[in-house]
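Report on the structure given below.
Here is how names work: the chains are called A, B, and so on, in the same order as the sequence lines, proteins then strands, and each is numbered from 1. What you are looking at is a predicted structure, and each value in this text was computed from that prediction instead of being measured. For the numbers below, each heavy atom of this structure counts, side chains included, while hydrogens, waters and symmetry mates do not.
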Amino acid sequence: MSQISDRYNSQEVEGRIYSWWEESGHFKAQDRSTKPPFCIILPPPNVTGFLHIGHALDHTIQDCLIRWKRMNGFNALWLPGTDHAGIATQSVVEKELKKENLTRQELGREKFLEKVWEWKNQYGDRIYKQMRRLGDSCDWDRSCFTLDEGVSKAVRKVFVSLHKKNLIYRGQRLVNWSGPLETAISDLEVEHRSVKGSLWHIKYPLEDGSGYLVVATTRPETLLGDAAVCVHPEDERYKQLVGKSVILPLLNKKIPIIADVYVDKEFGSGVVKITPAHDFNDYKVGKTHKLEFINILTRQCRMNENTGPYQGLSVQEARKRVLEDLKTQGLLEKEEPHSLSVGHCSRSGAVVEPFLSEQWFVRTEQLSVPAKRVVESGTTKFEPESWTKVYLHWMNIIEDWCISRQLWWGHRIPAWYCQDCGHITVAETDPTECESCQSKSLKQEEDVLDTWFSSALWPFSTMGWPTETESLKTFYPTSMLVTGHDILFFWVARMMMMGLEFMRDIPFRKVYLHGIVRDAQGRKMSKSLGNSVDPVELIEKYGADALRFSFLAHIHSGKDFKFSEQRTEGYRNFMNKIWNATRFAMGNLSDFTTPKNGTKALPNKAHMSIYDQWIIRKLARAEAVIEESLEQNRFSDAASALYSFVWYEFCDWYIEFSKPVLSGTNAEERQATQLVMAQVLNRVMRLLHPFAPFISEELYQKLPIKGEACIVDQYPNPRIDREFLGLATEAAAFEVDVVKEVISAIRNIRGENRISPALKINVRLSPNDGEMQKILGNNRNSIMNMGRIENLDISDEGSEAKCAVTPVIVDTSQVKVIIPLSGLVDIDEEVKRIEKTIEKLIKDITGLSGRLNNENFVKNAAEDVVEADRQSLAQSKIQVESLREALIRLQS
RNA sequence: AGGGAGUUAGCUCAGUUGGUAGAGCGCCACCCUUACAAGGUGGAUGUCGCAGGUUCGAAUCCUGUACUCCCUACCA
């Protein structure tokens with residue numbers, strides 16, 4: 001071990017360890033097991049996508065949970081899978097085709113799909129490979145893809161079943177439409193961006209020639225689809241005109257003036273043009289007032305045959321032409337700058353048009369009822385809890401779900417139109433004839449399903465449903481769902497509805513929603529901003545463990561967080577610290593014989609040092625904090641308890657305390673410390689494993705005390721091996737506290753007086769009683785070692801002239817640390833140091849005595865609080881007195 | 001507009017039942033003290049957004065207010 005590099009080389013370790021785990025079958029879960037089940041289904045990433053930083057966060061949390069549960073004796077299943085990601089994948093492949101000057105239409109449906117499958121086969125396992133780099137311990141044998149045969153069967157069955165229950169229907173609705181992709185897109189895929197536009201005021205002449213109404217609009221081209229103009233029913237300016245008509249400019253068509261409270265009297269001119277087929281609000285008005293729905297766009301979002309002379313123009317061109325024409329005719333009153341938010345297609349970047357079309361919908365009213373109830377009753381819990389409200393709020397205003405997409409890549413809707421009678425046959429297996437008229441002339445629906453439709457079935461479709469498999473029996477409902485809060489509605493809510501409908505049970509007991517990873521400035525990471533970080537690059541640079549640790553140490557209650565590479569670097573250093581601490585231990589364990597009873601082996605109590613006892617005590621405390629934190633999914637608390645224990649207790653103090661013991665002449669003491677060190681490291685590696693699986697496994701394998709594999713060894717907690725943890729005594733803890741305080745006092749004097757660490761100095765420790773005298777004597781070696789002392793005198797006799805002095809008080813025991821300064825440094829520095837300390841103490845004393853002099857405080861506050869104040873007041877007073885004396889002697 | 005979250009050290013954030021404010025990074029000083037310079041030791045830094053209230057005592061509870069962010073919806 002001592003020949004091993006003094007730097008941890010993650011790149012050398014990770015691949016090797018991962019392959020070994022995988023070959024050993026450690027990731028596999030059992031369909032039948034006596035162990036309790038714990039199951040997480042992986043939110044399926046885009047099959048041809050890259051692992052991005054958001055996945056890395058998401059996966060790290062899940063893997064941490066899975067590894068922790070696995071080590072705790074659970075039959076832990078992390079079920080991986082990928083999503084065909086309809087629109088995303090299709091548009092990527094279309095872009096590729098464009099490079100060859102091809103369109104999907106030119107290629108035809110079948111050929112195009114072949115291309116997409118080729119693409120999928122080429123890139124389909126890229127993300128799985130990247131997940132392995134991160135250390136994801138998925139049960140790979142169970143991997144699913146949303147277009148797999150089994151999953152597809154489930155999709156069809158669900159569709160048919162919902163259709164039969166009249167929970168799926170077909171209808172004409174206004175949907176978000178992407179022109180370039182020629183498909184409806186979901187609300188999720190619409191990005192609202194603030195755009196600087198204009199508000200144009202257009203004159204609509206009254207039919208009777210008595211003047212005109214001014215209509216304000218941001219979209220003048222849509223006037224070609226106007227079906228009415230609308231005013232507020234109580235608007236005195238226009239009240240008398242309601243029921244009359246105006247002439248629609250350019251098309252010279254008569255349209256009615258109607259009244260509706262939807263109109264805001266204060267905005268613009270108070271008159272609104274109503275374009276029912278191209279605006280969501282106008283759509284509603286159109287429905288209430290039974291207006292004509294005039295579609296003015298083609299599927300490519302160009303002006304259609306209803307727009308007369310404007311036919312064939314793009315929306316932008318039409319707007320320009322319409323404005324020009326209005327101006328020529330003197331109908332454009334004015335143009336005002338106006339900013340508004342406009343929906344853009346997240347895939348193509350194009351402006352999204354509200355577009356009237358035939359689509360398939362899921363009726364959500366009925367499905368949402370149980371999905372609400374289980375959350376209200378707490379059967380499924382959200383973490384953080386605040387999402388419960390958000391979820392319920394959304395469930396209350398939920399609208400029917402448009403599930404058809406005019407794409408080719410996806411699950412083609414299992415509906416067949418009869419060319420003869422028009423009947424729609426919906427069936428699980430491709431029908432050969434119309435179920436109504438038995439005609440053989442059938443044509444399958446061209447549309448495919450929204451990607452989220454198959455995702456909604458994920459918790460059970462991945463386990464073999466509709467077959468009643470052992471997997472389903474064992475693992476459904478799943479234990480937990482971990483995902484970003486950005487897909488709460490689109491995915492989580494829909495899985496709830498589908499799970500309850502088809503499994504008659506919740507899909508998961510708990511939903512853990514974490515935040516979104518943002519860049520250092522707090523912006524969402526995205527390709528277009530160029531601010532995204534590649535997790536694989538980070539893994540190559542700092543190691544997977546460092547990356548994982550920086551996530552786990554930093555996620556707090558589901559809040560978004562800003563990613564900084566610096567932090568990852570910091571945890572890389574932590575991994576290196578662990579590496580070197582182990583390296584040190586191994587260097588001192590060369591003559592250590594591995595005990596037969598392994599982790600049950602106990603050191604000889606009589607020969608244990610107080611440091612051994614102290615570190616065991618600290619370990620037990622850290623284990624308790626870690627366990628409690630993990631139980632509550634407070635990963636950062638667990639991570640920081642681990643970090644502090646390893647660095648600030650084990651490395652900073654225990655290793656230093658152990659040096660004199662390990663290099664000392666007392667063989668029995670040395671053996672005891674060796675065993676304690678080996679035991680503590682063994683537990684540290686296991687504790688660390690869910691957070692930093694690679695380094696912990698690698699080092700674990702090198703330890704003299706170890707099990708088969710860290711990944712499947714028992715996760716430590718204060719109830720495991722109680723005999724070992726019980727070896728710590730309170731007396732030892734007190735003693736170590738005293739020694740630490742004394743050493744810190746010496747170091748403080750050295751540091752403040754700028755005494756070089758290279759220089760060994762003389763120190764006198766003046767104890768106030770025999771007990772203290774004994775403690776100091778027992779720990780002579782450590783104090784000299786860690787205080788860098790040439791001669792240590794433990795005695796209450798001697799001069800304090802020209803000396804630096806610090807009184808140390810632990811409970812009621814006192815010791816004065818005295819360091820002669822003459823010839824060493826200028827005493828002015830020491831004067832300053834003492835004065836600064838006195839000042840601080842006086843401030844404390846003022847505060848404390850102020851409180852204690854307050855009758856009400858003494859009367860009302862808890863007794864222990866008052867007592868603690870009294871004690872620290874007394875201590876501070878003693879310290880000040882002692883320091884004042886020292887100051888006088890120093891200056892005399 | 002509705003819903004949610006936030007405002008604490010230069011930066012990123014902790015702070016569980018009210019009891020004299022914490023961490024990491026950064027900063028300053030001194031050190032290659034044989035596990036680790038990806039390190040060691042010491043040090044500095046905050047009217048806890050603002051204003052009230054409850055209380056012996058408020059970062060923490062209540063009320064109001066300013067600002068920021070997110071989500072949903074959207075002003076034609």
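At a threshold of 4.0 angstrom between heavy atoms, the contacts of A:Tyr648 are confined to the sugar-phosphate backbone, with no base atom among them. At a threshold of 4.0 angstrom between heavy atoms, the contacts of A:Asn588 with the nucleic acid are absent. Using a 4.0 Å heavy-atom criterion, one finds that A:Asp282 contacts no nucleic acid atom at all. Within the 4.0 angstrom heavy-atom criterion, only backbone atoms of the sugar-phosphate kind lie near A:Lys389; the bases stay farther away. Within the nucleic acid shown, A:Ile274 has no heavy atom closer than 4.0 Å to any nucleic acid atom. If you check every strand for non-hydrogen atoms under 4.0 Å, A:Phe280 touches sugar and phosphate atoms only. Across all strands shown, A:Ser640 has no heavy atoms under 4.0 Å from either base or sugar-phosphate atoms.
A donor-acceptor pair under 3.5 Å is formed between the side chain of A:Arg750 and the backbone N or O of A:Arg788. A donor-acceptor contact shorter than 3.5 Å is absent between the side chain of A:Asn176 and the backbone of A:Pro354. Formation of a donor-acceptor pair under 3.5 Å by the A:Asn854 side chain with backbone atoms of A:Asn856 is found in this model.
The residues A:Arg219 and A:Glu353 are annotated as salt-bridged, a charged nitrogen and a carboxylate oxygen being separated by less than 4.0 angstrom. For the pair A:Glu835 and A:Lys832, the salt-bridge criterion is not met [side-chain N within less than 4.0 Å of a carboxylate O].
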>> Only Watson-Crick and G-U wobble pairs with both distances less than 3.5 Å should count. Give RNA chain B in dot-bracket notation, marking inter-strand partners with |.
In response: (((((((..((((.....[..)))).(((((.......))))).....(((((..]....))))))))))))....
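The side-chain hydrogen bond (donor to acceptor under 3.5 Å, both in side chains) test with A:Asp260 singles out one residue from A:Lys284, A:His232, A:His289, and that residue is A:His289.
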>> Treating primed atoms plus P, OP1 and OP2 as sugar-phosphate and everything else as base, which nucleotides of nucleotides 32-42 of chain B get B, S or - for protein heavy atoms under 4.0 Å?
In response: -B-BBSBSBSS
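Considering only heavy atoms from C-beta on, A:Phe584 comes within 4.5 Å of A:Leu662 through its side chain.
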